[in-house]
Amino acid sequence: VVLITGAGGQLGTVLTKELQQIYGIDNVVATDIRPQDNFNGTFEILDATDLKALEDLVKEYNITQIYHLAAILSAKGEQAPMPTWDINMKTFFNVLEVARLFNVDKVFYPSSIAVFGNNIERVKTPQSSYLVPETVYGISKAAGEQWANYYFKKYNLDVRSLRYPGIVGYQSLGGGGTTDYAVDIFHSAINQETFQCFLEPNTILPMMFMDDAIRATIALMQAPKENLKTRTSYNIAGISFSPEELASAIQKTYPNFKITYKPDFRQSIANSWPMSIDDSEARRDWNWQPQYNLELLTQSMLTNLKLKYSDNTITL
Ligand code: VAH
């Protein structure tokens, strides 16, 4: 039985459905600190900073895998540094300890390109870069990677991790990240509103379509243990693009779509991150291969969002 923390988040919403497909709806326990309206499956309210509450759920449902998606992301995290550090670390320590004590088979830990600072090569940033993160979120994720590696080496706990780029999907909204503009822009396009972007037009960032991110997660978790050489976290790459490149991709379908730029504090976060990622280890160890380029991402976003807005099933 699989437990997901942060199941109501941008990634958790989609990953929960995928895991229900793979393991069966009765073998997935979705949890989040906030209730989810019209959730289909087993859902439990969980504040993952509460060790006892997590332990009780793991025992009650005989959990064998944990996907730990609960976290405060980069932009939101900068508004409250210490609470962000406390929440991001406490929740992961709880997951690691409960997994160790109750013989959980596998743990998934999401890391991020936010672990990189601008002390390194920002084009095709290598897996083994020296990490100097410039956000509390990035510091917590870099620390989490070391703990994942420690629990693997010391307790043989099978913790696996990906350094996600910005994720773009139609099923959910961003969760307080610096890459959220790349989701919001599509909602403006569909609703024929001018989009005000909080980053400069030429800010290139590593991104990935949601379906690729989900497929990468499942591929990593199902890879034979002996193939995995990296136990901190794997670089993975999808596509890199800037707001102006994304806007012109949208204008191919919506020629009248307009974008304006009003950079805010998130610009300095974006400036500290890589522009593109070298994911050769993931390709070597577990055959990673993205399938979505900018054009396919744009088409899929516009087609699916139009559907959601037309039969107003939009419950974002
Ligand atoms: C964020 N979407 O912006 C998340 C992610 C790399 C980006 O970590 O914080």
For the pair [X] (side chain) and [Y] (backbone), establish whether a donor and an acceptor sit closer than 3.5 Å, ignoring hydrogens and angles.
X: Asn94; Y: Ala48; result: yes
X: Asn235; Y: Ile277; result: no
X: Trp288; Y: Ala237; result: yes
X: Lys229; Y: Asn227; result: yes
X: Ser240; Y: Ile204; result: no
X: Thr232; Y: Asn149; result: no
X: Gln222; Y: Leu220; result: no

### Query
Taking the six-membered ring for Trp, are the ring centroids of His187 and Phe195 within less than 6.0 Å of each other?
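Not under 6.0 Å, so no.
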### Query
Taking the six-membered ring where the residue is Trp, are the ring centres of Phe92 and Tyr109 under 6.0 Å apart?
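Phe92 vs Tyr109: aromatic centres under 6.0 Å.
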Is it the case that over 12 heavy atoms from other parts of the model lie below 6.0 angstrom from the [atom1] atom of [X]?
X: Lys225; atom1: NZ; value: yes
X: Glu295; atom1: CD; value: no
X: Lys90; atom1: NZ; value: yes
X: Lys306; atom1: NZ; value: no
X: Gln21; atom1: CD; value: no
X: Asn40; atom1: CG; value: no

### Query
Hey, mind stepping through Asn304 and Ser300 against side-chain hydrogen bond (donor to acceptor under 3.5 Å, both in side chains) and telling me if it holds?
CA-CA 6 Å; Asn304 285 286; Ser300 183; 3.2 Å; yes
### Tyr150 and Trp147 aromatic ring geometry - parallel, tilted or perpendicular at 30°/60° bounds
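Ring orientation of Trp147 relative to Tyr150: perpendicular.
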Closest heavy-atom pair and its distance - [X], [Y]:
X: Leu205; Y: Pro274; result: CD2-O, 3.9 Å
X: Arg283; Y: Pro290; result: NH2-CD, 3.3 Å
X: Thr42; Y: Phe39; result: O-CE2, 3.5 Å
X: Tyr234; Y: Leu228; result: OH-CA, 3.4 Å
X: Thr298; Y: Ala249; result: OG1-CB, 3.6 Å
X: Leu131; Y: Ala142; result: CD1-CB, 4.1 Å

Between [X] and [Y], is there a side-chain N and carboxylate O pair less than 4.0 Å apart?
X: Arg231; Y: Asp158; value: yes
X: Arg215; Y: Asp211; value: no
X: Asp264; Y: Arg266; value: yes
X: Lys52; Y: Glu55; value: no

### Task
Nearest 0.5 Å please: distance from the OG1 atom of Thr5 over to the CG atom of Leu57.
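Here the interatomic distance stands at 11.0 Å.
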### Reported CD-to-OG1 distance for the pair Gln127 and Thr125, which is rounded to 0.5 angstrom
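So the gap between those two atoms works out to 11.0 Å.
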### Query
Are Arg160 and Phe108 in a cation-pi setup, meaning NZ or CZ lies under 6.0 angstrom from the ring centre and within 45 degrees of the ring axis?
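The answer is no, since Arg160 fails at least one limit relative to Phe108.
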Do [X] and [Y] pair up side chain to side chain, a donor and an acceptor below 3.5 Å, judged on atom types alone?
X: Ser233; Y: Ser161; answer: yes
X: Thr203; Y: Glu200; answer: no
X: Tyr170; Y: Thr303; answer: no

### Query
For Ser111, which of Lys141, Arg163, Glu145 qualifies under side chain to side chain donor-acceptor pair (under 3.5 Å)?
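Answer to the side chain to side chain donor-acceptor pair (under 3.5 Å) test with Ser111 among Lys141, Arg163, Glu145: Glu145.
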